[in-house]
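Everything numeric here is computed off the predicted structure, so don't read it as measured data.
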Amino acid sequence: MASIALSDKALMDQQASCIVVLVEQDKLDTYEVKAVEKLFPALNALIKEREFSGKALTTLVVPVSCGNNLQHFMFVGLGKKNKKDAIDIETYRRALAKAVRVAESCKFDSLAIQLPSEKICNVGAAYFAQQSVIALDMALYSFSQFITDKSNLFEVQSILLVANDSNAQALQAGVKDGLIIAHSVALARHCVDSPPSHLTPLHLAQVAEKVAKKNNLKITIFDEKALLKMGMGGITGVSKGSDNDCQLVILEYHCVNKNAPTLAFVGKGITFDSGGLSIKPGDAMEDMKIDMSGAAAVIAAMDALAQLKPNVNVVGIAPMTENLPSGKAIMPGDVLTFYNGKTAEVKNTDAEGRLILADALSYAVKHYKPDAIVDLATLTGACAYALGPFFSGLMGNSDHVINQVERAAATSGDAVWRLPFTDDYKAAIKSPIADMQNIGSRTYRAGAITAGHFLAHFVDDVPWAHLDIAGTAHNVPDLPYYRAETATGVGVRLLVDIAQNWQ
Ligand code: BES
Ligand code: ZN
Ligand code: ZN
């Protein structure tokens, strides 16, 4: 695994295969640029020829001869400052990640990156260092476990963040927390990227068990037999078509303050979604191993929180099952009874996420009476269509929780967009034969919102926010800290931030 650390050795004395300098647009008269020019007098001519001005995410690689050796420098553009006289932190994240991508294509195995002053983004030093580490580590992530010929793969091995700064302590603290969060993001991504026969409900439960053991967290796991006995008709109903047992995992983090609020994080864990008897067409099924991204985010966030120790209690709940067709599978027309006693008619077995979340949310409400619930689910194609890959859909019954999620999104980088969640949409899931039906009536359209209304039946009056991550969980284009066709780990940074800064 690649390493990321701070270094206080002067930039020009660094031994890395490439030395990276971030530059603001049209501000190429910095000390670092001049230092490179001393070693490479034609620098100005090169800058002109390549028309490099420091536009956001543009790069310029400069080979410099040092005796018989080559030393490479890379300039990475940060663009111009915004109206608040700061570089947007997201632009900064992307610029760092871009440096990693360029390093990969140039086969630089070690980087020394001049860490700019946090003032450039108008943020605190610890947060700045933390975000730097997370962006870099996310860019380094790859999923190459099943590629047997590794000769064409190249991974950057080490990154030093060069800071000759006075606030070394804050930077160090930020790096430490950043590595914890980054490793959790990578854990979630790895789970999501794992093939569905490798990552069954039982395997995912074992990942949670490992997290619990490592961090001394309390864990409770209910298997299919136990869930049937408990009356969890949603998760066991979806699991009926599958040979593998379903699992409900509950991880608990307790802070030292007994009176601290309790947050419940709930994540959809469909380890493969074929649609069930309402089977998906082949191309829509291709990526459905990612349908456990919510559960992975919750488990991975608990791993980080156990180490970061925020001043709130957190319970992470992950219902896990496969959604497969078979002679035993639930059928359209079936009615399920959930853990809280409510019933739903299953009109479409492909709307299964809400069925398993119904039990998990009911369980959270009944056993933890949490001060807030946040759930994450790759719930609807409708949300992915509406918002595309850059924003998770956000809705819920509480402005307070929703506002905190929005705040955490802004600081963590896991972007969200609030959808209207008025009672107007409620009637879409009325059923003539049960308390509700599991798909919205055509007239109402708005599939992401009507799915949210289904979930709302299971949180009672607990303040709650729901995140639909169907579009953001995987294969997000253009953002250099993600990788095409792989998972994003969406939600991990967000959940950690929500818990750490809960008010
Ligand atoms: N897991 C899917 C949603 C999904 C779609 C996630 C695309 C990621 C990418 C979910 O279980 C589903 O199939 N939803 C249906 C609901 C419909 C039947 C009401 C959908 O969105 O088509
Ligand atoms: Zn489905
Ligand atoms: Zn699904």
message: If we count only N and O atoms by modelled type, under 3.5 Å, do the side chains of H453 and T450 hold a donor and an acceptor together?
response: no

- request: Taking the side chain as every heavy atom from C-beta outward, state whether C255 and P310 have any pair of such atoms under 4.5 Å apart.
  value: no

task: Heavy atoms only: give me the nearest A284-M288 pair and the separation to one decimal.
output: O-CG, 3.6 Å

query: So do F272 and M285 actually touch side chain to side chain, heavy atoms under 4.5 Å?
result: yes

Greater than 12 external heavy atoms within 6.0 Å of K342's NZ: yes

message: Using the rule given for side-chain hydrogen bond (donor to acceptor under 3.5 Å, both in side chains), can you reason through T200 versus N244, listing the C-alpha separation, both sets of side-chain angles and the distance that settles it, and then say yes or no?
response: CA-CA 7 Å; T200 62; N244 286 322; 5.1 Å; no

field: CZ-OG1 distance between F222 and T220, expressed to the nearest 0.5 angstrom
entry: 5.5 Å

query: What pair of heavy atoms forms the shortest contact from V405 to A465, and how long is it?
result: CG2-CB, 4.1 Å

- prompt: Say you draw a straight line from CD1 of I89 to CZ of R94; how long is it, rounded to the nearest 0.5 Å?
  reply: 12.0 Å

- prompt: What do you reckon, is NZ of K280 surrounded by more than 12 foreign heavy atoms closer than 6.0 Å?
  reply: yes

query: Going through the checks in order, is the side chain to side chain contact (heavy atoms under 4.5 Å, CB included) test met by E252 and Y368?
result: CA-CA 10 Å; E252 289 175 47; Y368 293 93; 2.7 Å; yes

query: Any idea which heavy atoms bring V462 and P370 closest together, and the distance?
result: CG1-O, 3.4 Å

statement: Closest heavy-atom pair, F454 versus A358, reported as atoms and distance to 0.1 Å, is CE2-CB, 4.2 Å

Pair K213 + E209, salt bridge at N-O below 4.0 Å: no

query: Does the pair E352/K268 count as a salt bridge with the N-to-O cut at 4.0 Å?
result: yes

query: Would you find more than 12 non-hydrogen atoms of other residues, nucleotides or ligands less than 6.0 Å from K218 atom NZ?
result: no

query: Do D424 and T422 have side-chain atoms, one donor and one acceptor, less than 3.5 Å apart?
result: yes

message: Just by distance, no angles: are the side chains of S392 and T472 close enough, under 3.5 Å, to form a donor-acceptor pair?
response: yes

Passing option when N313 is tested against T262, N259, N257, L263 for side chain to side chain contact (heavy atoms under 4.5 Å, CB included): T262

field: Nearest heavy atoms of L171 and A125, plus distance in Å
entry: CD2-O, 3.6 Å

- prompt: Would you say H198 and H203 make side-chain contact, with heavy atoms under 4.5 Å?
  reply: no

field: D303 side chain to N215 side chain, donor-acceptor N/O pair below 3.5 angstrom
entry: yes

task: Starting at CG of D245, measure out to CD of Q247 and round the result to the nearest 0.5 Å.
output: 6.0 Å

- prompt: How are the rings of Y339 and H367 set relative to one another: parallel (under 30°), tilted (30 to 60°) or perpendicular (over 60°)?
  reply: parallel

task: Using atom types as modelled and distance alone, determine if a side-chain donor or acceptor of R483 lies under 3.5 Å from a backbone N or O of N475.
output: no

message: Nearest 0.5 Å, please: how far is CD1 in I87 from CZ in R93?
response: 13.5 Å

- prompt: Looking at side-chain heavy atoms only, is the closest gap between M232 and Y363 below 4.5 Å?
  reply: yes

task: Using only heavy-atom distances, determine whether the side chains of S242 and E322 contain a donor-acceptor pair under 3.5 Å.
output: yes

Student check: side-chain heavy atoms of T349 and I279 closer than 4.5 Å: no

- prompt: Is there a donor-acceptor contact under 3.5 Å linking the side chains of Y253 and N216?
  reply: no

task: Determine whether more than 12 heavy atoms belonging to other residues, nucleotides or ligands lie under 6.0 Å from atom OH of Y385.
output: no

- prompt: Side chains of D291 and T378: is there a donor and an acceptor less than 3.5 Å apart?
  reply: yes

field: pair D334-E345: side-chain heavy atoms closer than 4.5 Å
entry: no

query: How many angstroms lie between CD1 in I120 and OH in Y92, if you round to the nearest 0.5 Å?
result: 8.5 Å

- request: Any chance you could lay out the side chain to side chain contact (heavy atoms under 4.5 Å, CB included) test for Y481 and L140, step after step, and finish with the verdict?
  value: CA-CA 8 Å; Y481 45 74; L140 290 169; over 6 Å; no

message: A side-chain contact here means heavy atoms from C-beta on lying under 4.5 Å apart; do I356 and I270 qualify?
response: yes

query: Under 4.5 Å between any side-chain heavy atoms of T271 and P196, yes or no?
result: no

- request: Please confirm whether the backbone N or O of N323 pairs with a side-chain atom of S274, one donor and one acceptor, at under 3.5 Å?
  value: yes

- prompt: Which distance, rounded to the nearest 0.5 Å, do you find between the CG of L217 and the CE of M302?
  reply: 5.5 Å

field: Evaluation steps, side chain to side chain contact (heavy atoms under 4.5 Å, CB included), between K430 and Q437
entry: CA-CA 6 Å; K430 262 192 186 157; Q437 60 183 36; over 6 Å; no

- prompt: Do W502 and H400 make the cut of ring centroids closer than 6.0 angstrom?
  reply: yes

query: Please walk me through it: do F458 and L455 pass side chain to side chain contact (heavy atoms under 4.5 Å, CB included)?
result: CA-CA 6 Å; F458 301 91; L455 301 180; 5.5 Å; no

query: Less than 4.0 Å between a side-chain N and a carboxylate O, is that true for R418 and D399?
result: yes

query: Does the ring of F338 carry R354 above it, NZ/CZ under 6.0 angstrom from centre and within 45° of its axis?
result: no

message: Any side-chain to backbone donor/acceptor pair from S278 onto G275? Under 3.5 Å, distance only.
response: no

- prompt: Less than 4.0 Å between a side-chain N and a carboxylate O, is that true for R407 and D497?
  reply: yes

- prompt: How close do P319 and I235 get, heavy atom to heavy atom, and via which atoms?
  reply: CB-CD1, 3.7 Å

